[in-house]
A.B. asks: 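After the structure tokens below, expect a handful of questions from me.
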Amino acid sequence: MKVLILNILLLFSIASLAVTQTDDLEKALKALKEKDFNAAKVLIEQIITKNSFDAGGYYALAVYYADNDNKPHDYYKSLDYLILAEKYYSTLTTKELANLQKLGVTLHEMQKLKQSIGQQAVQEAISSQNPAAIDKVISKFSSLPDVVEKAIEYKNVMAFEDTKRVNTYQAYQNFYIKYPSAKQVPEAKSKYEQLLYESLTSDQTWQSYQKFYKSYPNSPYAERAKKQYEKLYYEQNVASSTSANTIERYITENPSSVYAPKAKTQLQSMSSLFPIRVGDTWGFINGNGQIVIPPIYERVGKFAEGMARVRKNGKWGIINTKGKEIIPPIYELIRDFSEGVTAVIQRKKKVLEAFYIDSTGKQLFAKTYVTDGSYWPIHSFQEGLAVVEDPESHKVGFINKKGEFVVAPLFNSYIPRKGAVGTYPFSSFSEGYAWVKNEEGTGLIDKNGVFLIKGSYNQSLLDTLSAPPFYYKSFSSGMCLLEESNSSFYIDRNAKKAITIPVGFTALPFSDEVAWTYSKYDKKFYLIDNKGKTILDIPAFKVYPFHEDRAVIQKDAPANRVYFYDQTPDPTYSFIDKTGKLLFDFKFDIPNDPLFEYSSFKNGLACVLLNGKQTYINKEGKVVWQSPERWN
């Protein structure tokens, strides 16, 4: 009986204690709400003293240290007490849980409080700009992903600011290795690549640029470094080089370089030979301006296919690029080689006979063609066929290299003009077609003699396009110019009108992918592409076709000279590119010799008259060679 009474008294005292604890907790929470922190702390300490496992007491203590208005507030102590509150909360009886829930003490509220102090802790750490404080938040609040994320994000910000202050490629590299998930990683990598490039190429030499793009082929600056290397190496080692091996190596190693075409032109110029006149004799220079074939000839032609015609003692022969005579000078006239064959005229018993020979001097086939010497009855091979005049009908057709007519001789031959050089009313084959004329009209035929187009067509006879005698033009750049009585237009190889020229305009054939047209209304020249789009318009007195992206123009008409002793007019010719830009700061005259094709560029050089002297210039406008005396 006595034991029973003691148990009853114990249960009563525990129940009484629980009621007391609940009352104290309610009072403590009320005091915290009213900001009476001293009273709250006394009550909380009493609660925990009586029961060191009291979840409500530890929750109240967490609230106490979480409040910013409480001077000793401490988010980390608050977190520690919250962890204890959560721990002991799980051990409570149903009745105890019900009592705490009446006071608003729940796991949900604990989680809310933890989230709140985490956010405040991270904000306070950010305000302090103390990395250690940030690290403490990350360590202590590891269970709160959004808090940790915010802390890490700011930690990355601080680290990146430090990195920017150092501002070296090593610092940026260290950053993105150490903080791989940081939002600043893309910027850090970008700055690393930039500073790495700038640092390793700071001396701006071709060697450093070359080393960079080879060492860092995946760098976004590799291509830039390669271009800089190509530019500097070309300018310093290739542009002025006289070594073919140096230039060839550059082209081989840098085939896609923007300077590769220049190098190729340079190499071509170096290996090409150009005619010069010294006094009354002619010879050849190479692309470096060195005389490689002495001026010992009465007259020369241009080198074609490694051979050039030369005249000695009034007769023509052929030499190679070494100056060696490969066909003796026994002919009255000879043409430039084309497709391994050339046409010659030789006097035989007071009769002039024209025929073809190969590069050994051997006659191509037995047939010969008689002429009076005023015109050529046979012409150069182009695309495997050549125009010849049939001796019986005096009409022209096209033969193969066996001398057989592939296209029957049904077309008009040479048209003489009184007191002037006549006209050849046909063209060679170009892009699969040739221009011809007969009683039925003019037009273009294919290699079977079938007309692509036929009608009453003509072409411009402007002397800007051809030295006499005049030959008609076939296709160039996929376009052929046709003129009717009241209109001009270009056709494509399907015989369709591709570009129509406005009334009042004159058009010239395509050359170098562009063509000149001229308006009589505003007296301006218009440059068009093969789509008919105007890409340039300029006022000028005269223009010449583009070759190698350059054209000669005469801006103003030459000054009139009334008497022979009048002062010679200043040079009036200039070079332009396809944007209309004047390329060089000097003007020049054009040699009065069809050999030089109106000073057009060929293989990188152009022949002009500077101060009256025959002068070869390169595409940079630099003098490569100049004759010792004025051109008379």
A.B. asks: Taking only residues two or more places apart in sequence, or in another chain, which ones meet Asp203 in a salt bridge (Lys or Arg N to Asp or Glu O under 4.0 Å)?
C.D. replies: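 Residues passing salt bridge (Lys or Arg N to Asp or Glu O under 4.0 Å) with Asp203: none at all.
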A.B. asks: Are the side chains of Glu96 and Thr91 in touch, meaning some heavy atoms are under 4.5 Å apart?
C.D. replies: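 No; the side chains remain at least 4.5 Å from each other.
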A.B. asks: Students often mix this up, so state it plainly: with edges at 30° and 60°, are the rings of Tyr573 and Tyr544 parallel, tilted or perpendicular?
C.D. replies: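 The arrangement is tilted - the two ring planes meet at 30° to 60°.
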A.B. asks: With sequence neighbours left out, what residues match Lys619 under salt bridge (Lys or Arg N to Asp or Glu O under 4.0 Å)?
C.D. replies: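 Lys619 satisfies salt bridge (Lys or Arg N to Asp or Glu O under 4.0 Å) with Glu548 only.
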A.B. asks: Please determine whether a side-chain nitrogen of the Lys or Arg among Glu193 and Lys189 lies less than 4.0 Å from a carboxylate oxygen of the Asp or Glu.
C.D. replies: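 Salt bridge between Glu193 and Lys189, a charged N being under 4.0 Å from a carboxylate O: no.
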A.B. asks: Salt bridge check, Lys578 against Glu513: does any charged N sit closer than 4.0 Å to a carboxylate O?
C.D. replies: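 No salt bridge links Glu513 with Lys578.
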A.B. asks: Does a donor on one side chain sit under 3.5 Å from an acceptor on the other, for Asn68 and Tyr75?
C.D. replies: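 Per modelled atom types, Asn68 and Tyr75 side chains form a pair under 3.5 Å.
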A.B. asks: Under the 3.5 angstrom rule, does the side chain of Ser599 hit a backbone N or O of Cys607 as a donor-acceptor pair?
C.D. replies: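 Pair found, side chain donor or acceptor close to backbone of Cys607.
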A.B. asks: Above 12 or not: heavy atoms from other molecules or residues under 6.0 Å from CG of Asp162?
C.D. replies: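 Counting neighbours around CG of Asp162, more than 12 heavy atoms of other residues, nucleotides or ligands fall under 6.0 Å, so yes.
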A.B. asks: Should the pair Tyr233 and Trp206 be assigned to parallel (<30°), tilted (30 to 60°) or perpendicular (>60°) ring geometry?
C.D. replies: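 Because their plane-to-plane angle is over 60°, the rings of Tyr233 and Trp206 count as perpendicular.
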A.B. asks: Any side-chain hydrogen bond (donor to acceptor under 3.5 Å, both in side chains) involving residues 125-145? Give me the pairs, sequence neighbours left out, ordered by first then second residue.
C.D. replies: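 For residues 125-145: Asp135-Lys155.
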A.B. asks: Got a salt bridge between Glu223 and Lys226, using NZ or NE/NH1/NH2 to carboxylate O under 4.0 Å?
C.D. replies: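 No salt bridge links Glu223 with Lys226.
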A.B. asks: Between Ser190 and Gln194, is there a side-chain donor-acceptor contact under 3.5 Å, judged purely by atom types and distance?
C.D. replies: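 The answer is no; no qualifying pair exists.
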A.B. asks: Decide, yes or no, whether a salt bridge links Glu26 with Lys30 under the criterion of side-chain N to carboxylate O below 4.0 Å.
C.D. replies: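 Salt bridge absent between Glu26 and Lys30.
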A.B. asks: Using ring pair (Phe, Tyr, Trp, His ring centres under 6.0 Å) as the criterion, point out the one residue from Tyr259, Tyr221, Tyr213, Tyr234 that pairs with Tyr229.
C.D. replies: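 Answer after filtering Tyr259, Tyr221, Tyr213, Tyr234: Tyr213.
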A.B. asks: May I ask you to say whether Glu153 pairs ionically with Lys150, meaning some side-chain N is under 4.0 Å from a carboxylate O?
C.D. replies: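 Looking at Lys150 together with Glu153, the answer is no, because their closest N to O distance does not fall below 4.0 Å.
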A.B. asks: I need the single residue from Phe212, Tyr169, Tyr192 that forms a ring pair (Phe, Tyr, Trp, His ring centres under 6.0 Å) with Tyr197. Which is it?
C.D. replies: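 Going through Phe212, Tyr169, Tyr192 one by one, the ring pair (Phe, Tyr, Trp, His ring centres under 6.0 Å) with Tyr197 is satisfied by Phe212 alone.
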A.B. asks: Please check if any side-chain donor atom of Gln101 sits under 3.5 Å from a side-chain acceptor atom of Thr106, or the reverse.
C.D. replies: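 Per modelled atom types, Gln101 and Thr106 side chains form no pair under 3.5 Å.
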